[in-house]
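First the structure, in the form of structure tokens, and then the observations on it.
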Amino acid sequence: MGSHAKAWLVEDESAREMLDRVLTERPFLLLPPLHRVPLRVGNVVELAGPSSSSKTHILIQAAITCILPKLWKGVSYGGLGHSAMFIDLDCRFDVLRFSELLNHRIMEAANGSSSKVGCHQKDSEAQFARMKPYNEELFALCMKRFLYIRCYDSSEFLATLKTLHYRLQKEREVHGVNVHLLLIDRKSWHLQNVSEAVVQEIRRLLLVHPMLVMATKAVVLGNKYSTNELTWNYRKWSAVDNPYSRNITSDQQLPYREYMPAAWQSFVTHRILVRATDDDLVNGEHQNNSIYLLEWLLPPLNSLDKFTVRDTGVFILS
Amino acid sequence: MARLANLETEYPVLDSTVRNFCASHGIFSVEDFLIHDLYMLAAFAEQNDSSERLKEGIAQVLSIIDDMHQPWLNGMELLEDAKRNKHVFPTGIQGIDLLLGDGIRVGQLTELVGPSSSGKTQVCLRTASNVARNHMVLYLDTGNSFSPQRIAYFLGKTISPSSAQAKNQFLQKVMSNISCHSVFDIFAMFDVLHQLESYLRCQDGRGGCQMRLLIVDSISSLISPVLGSSSTLGRALMTSAGYLLKKLAHQHNLAVLIINHTVGGEGGSSKPALGDSWKCIPHSRLFLSCDRGSNTYNVSILRHPSMASGKAARFVI
């Protein structure tokens, strides 16, 4: 009896060892422009914003960072080397733009490393020519790690989620690489039982296949003092009786009307609001890139990040 | 959706034991399976007497569900499909083609928004006449604005001078590539689009003249009558129309051109009709306007997958 009790007290590993283990198995991801809060697998991030506020672009940026390898043939790309899955409920994904961005990132990393070595002009050109077949091979490798599906209605979406487990197992066998990123573009179904089923399926999936889930949501931003606020306050009063809505605490003032059901709201672990400003960044002769503002709602940070979208991806301004 | 009883002939695994078990959990059709928790169901099946059969039944339904969604594609396959099938069609109007970088793209919905007589129908007719030289075009007309004389005029402008007979033959051939349907309400449009879907499913893969352009002139006159009431039916119809058009565009390689009107916005400016829910459905949105008293039109980009919004150009028809 004594020996059993003592066995309970013997430590398995120290806190430092545990931290080491967890950080290697489940590393923190710092994806610009979401770099303020480190994200890990198992987190569910919701990107809200009015239409055309670059939400899909942030998802694509995350996907590219995920599928690029960390180190390949001596060049560091700073990626994760894992697969990413993209569920397109909006059916507006443009694969040509995606491949352009991927190419730009690959070339930027390749050029960056060659300029670090400090070669002369003709040397770097020759090196660039030599790198071209490598770039294409790397490009093909990365594109094969990006999985895409379109869902034209909610039953297709549910069918996809239900069969995702087997699909992920198959991917693991074929590629030997885990899927680390699940991107869902535009969640906008309104049926209560559909959204509960969706949340349940994703929760189950995350138990077996730990992934980072990022979802976008289109919202309508009301003016802070417009009638939207009145209807929101009214909902807060009636929330006490209504079992289907959630008591939003008063310090969590959302600048938009929340329309997702409670099951999804409690599932989300991080919330971000993105919107476009009217300012344009005059960049060169004819490039006018709009500036976007990013605000963390959950965990609430009091800072606003400004970023703009360029050919090579997202560029942080402040 | 298919009731489980009806599936027994095709899949003998789904016999009465499986169906009774499912019915005891409130599952009568494949759709009910989608909403239920299958792991719990499997756990219940485990405790049942005929657990093997039940588990086989559940596995069978899962494979049926697997057919219900689109196939997963990886990035290379997507890119190949885009390069092979998703071409760009020039509209024939120089200003617009330069602005959009070659024209309208197959697989995408392009929306033309503008106040009345801002040239939207003219742009559609011009594009139809351009595309119809080599491909088939379907024109859904809601306001009797389709004009074969105008199309003949556009074709006549671009054809090289030759004998009247050759001209006639050319005209015949191109005009026979355009089919025009009048639809006056949204349900008639759904009818036509579903018929189109079954037609294209048979046609795809066969050689010859394929349909490549679908024009809806105008979608706002079909949707506005059902929108605006307190029920959500109108919005649901609008979203399903949008998704049906996107499905047709992507799976059957069509370029879709839709016309929308404008309504008054805040501050006296005009904004596109159909509201915020429609805003995200088309891939590109172009705003057209006409200079008073002249023949020149202005077009500006409200939204485009690869061009910055706000770019503008002028054109003449």
Side-chain angles (χ1 to χ4, degrees), chain A residues 50-52 63 67 83-86 88-100 102 139-140 142-164 166-167 171 186 188 190-191 193-194 196-197 200-201 204 218 220 280 286-290, chain B residues 1 30-31 33-40 61-83 86 105 107-109 232 235-236 239-240 242-244 246-247 249-251 275-277 279-283 285 302-306 308-311:
Chain A
S51 64
S52 77
I67 58 182
S83 305
M85 287 186 138
F86 193 100
D88 195 2
L89 299 175
D90 223 3
C91 307
R92 273 215 308 213
F93 181 71
D94 189 2
V95 68
L96 292 173
R97 180 115 176 97
F98 181 80
S99 62
E100 249 179 54
L102 182 61
F139 178 77
C142 291
M143 286 296 258
K144 287 211 175 82
R145 290 211 273 250
F146 178 75
L147 302 165
Y148 172 84
I149 192 172
R150 292 185 155 212
C151 296
Y152 291 108
D153 56 46
S154 40
S155 33
E156 286 193 21
F157 183 42
L158 278 172
T160 312
L161 286 178
K162 288 230 183 295
T163 49
L164 200 52
Y166 300 101
R167 180 73 210 204
E171 278 299 309
R186 176 138 174 139
S188 65
H190 302 286
L191 288 176
N193 48 6
V194 169
E196 279 176 4
Q200 201 177 59
E201 282 303 321
R204 290 278 160 84
V220 176
D280 279 349
H286 42 209
Q287 283 271 24
N288 260 7
N289 296 332
S290 359
Chain B
M1 257 292 137
V30 180
E31 240 189 0
F33 258 105
L34 288 178
I35 306 181
H36 271 83
D37 186 349
L38 290 183
Y39 296 102
M40 293 284 283
V61 178
L62 264 178
S63 71
I64 297 176
I65 290 179
D66 207 11
D67 288 328
M68 277 173 63
H69 62 75
Q70 307 290 326
W72 280 94
L73 297 170
N74 69 28
M76 289 307 282
E77 291 166 1
L78 267 184
L79 197 60
E80 249 186 66
D81 170 66
K83 287 193 177 148
K86 308 288 192 273
R105 187 173 275 284
Q108 289 189 356
L109 263 66
T232 49
R235 210 135 24 107
T239 334
S240 10
Y243 277 96
L244 182 55
K246 282 205 248 209
K247 192 174 184 183
H250 183 81
Q251 289 187 325
D276 281 323
S277 332
K279 222 167 151 185
C280 315
I281 294 189
H283 293 87
R285 304 183 102 197
L302 288 178
R303 173 192 210 116
H304 194 272
S306 42
S309 64
K311 272 177 76 168

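Per chain, numbering begins at 1; letters A, B, ... match sequence-line order. Values reported hereafter were calculated over all heavy atoms of this structure, with side chains retained and with hydrogens, waters and symmetry mates removed.
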Legend entry - Derivation of the salt bridge (Lys or Arg N to Asp or Glu O under 4.0 Å) call for E201(A) and R204(A): CA-CA 5 Å; E201(A) 282 303 321; R204(A) 290 278 160 84; over 6 Å; no
Inset, instruction - Report the option among K246(B), K247(B), M76(B) that has the most heavy-atom pairs separated by less than 4.5 Å from atoms of chain A. - result: K247(B)
Inset, instruction - Under 4.5 Å, counting heavy-atom pairs only, tell me which of L79(B), D81(B), L38(B), I35(B) racks up the most with chain A. - result: L79(B)
Inset, instruction - Could you tell me which portion of T160(A) (side chain, backbone, both or neither) has an atom closer than 4.5 angstrom to a non-hydrogen atom of chain B? - result: both
Legend entry - Atom group of L109(B) that falls short of 4.5 Å from chain A, counting heavy atoms: neither
Legend entry - chain B interface, residue from P50(A), A140(A), C142(A), A159(A) that has the most non-hydrogen pairs under 4.5 Å: A159(A)
Legend entry - Y243(B) (side chain) donor-acceptor with C151(A) (main chain) under 3.5 angstrom: no
Legend entry - Non-neighbouring partners of Y148(A) that pass side-chain hydrogen bond (donor to acceptor under 3.5 Å, both in side chains), sequence neighbours left out: D88(A), R150(A)
Legend entry - Student check: side-chain heavy atoms of R167(A) and M85(A) closer than 4.5 Å: yes
Inset, instruction - Check each atom of F98(A) against the heavy atoms of chain B and say whether the ones under 4.5 Å are side chain, backbone, both or neither. - result: neither
Inset, instruction - Identify, with sequence neighbours excluded, every residue that meets side-chain contact (heavy atoms from CB on, under 4.5 Å) alongside Q200(A). - result: D37(B)
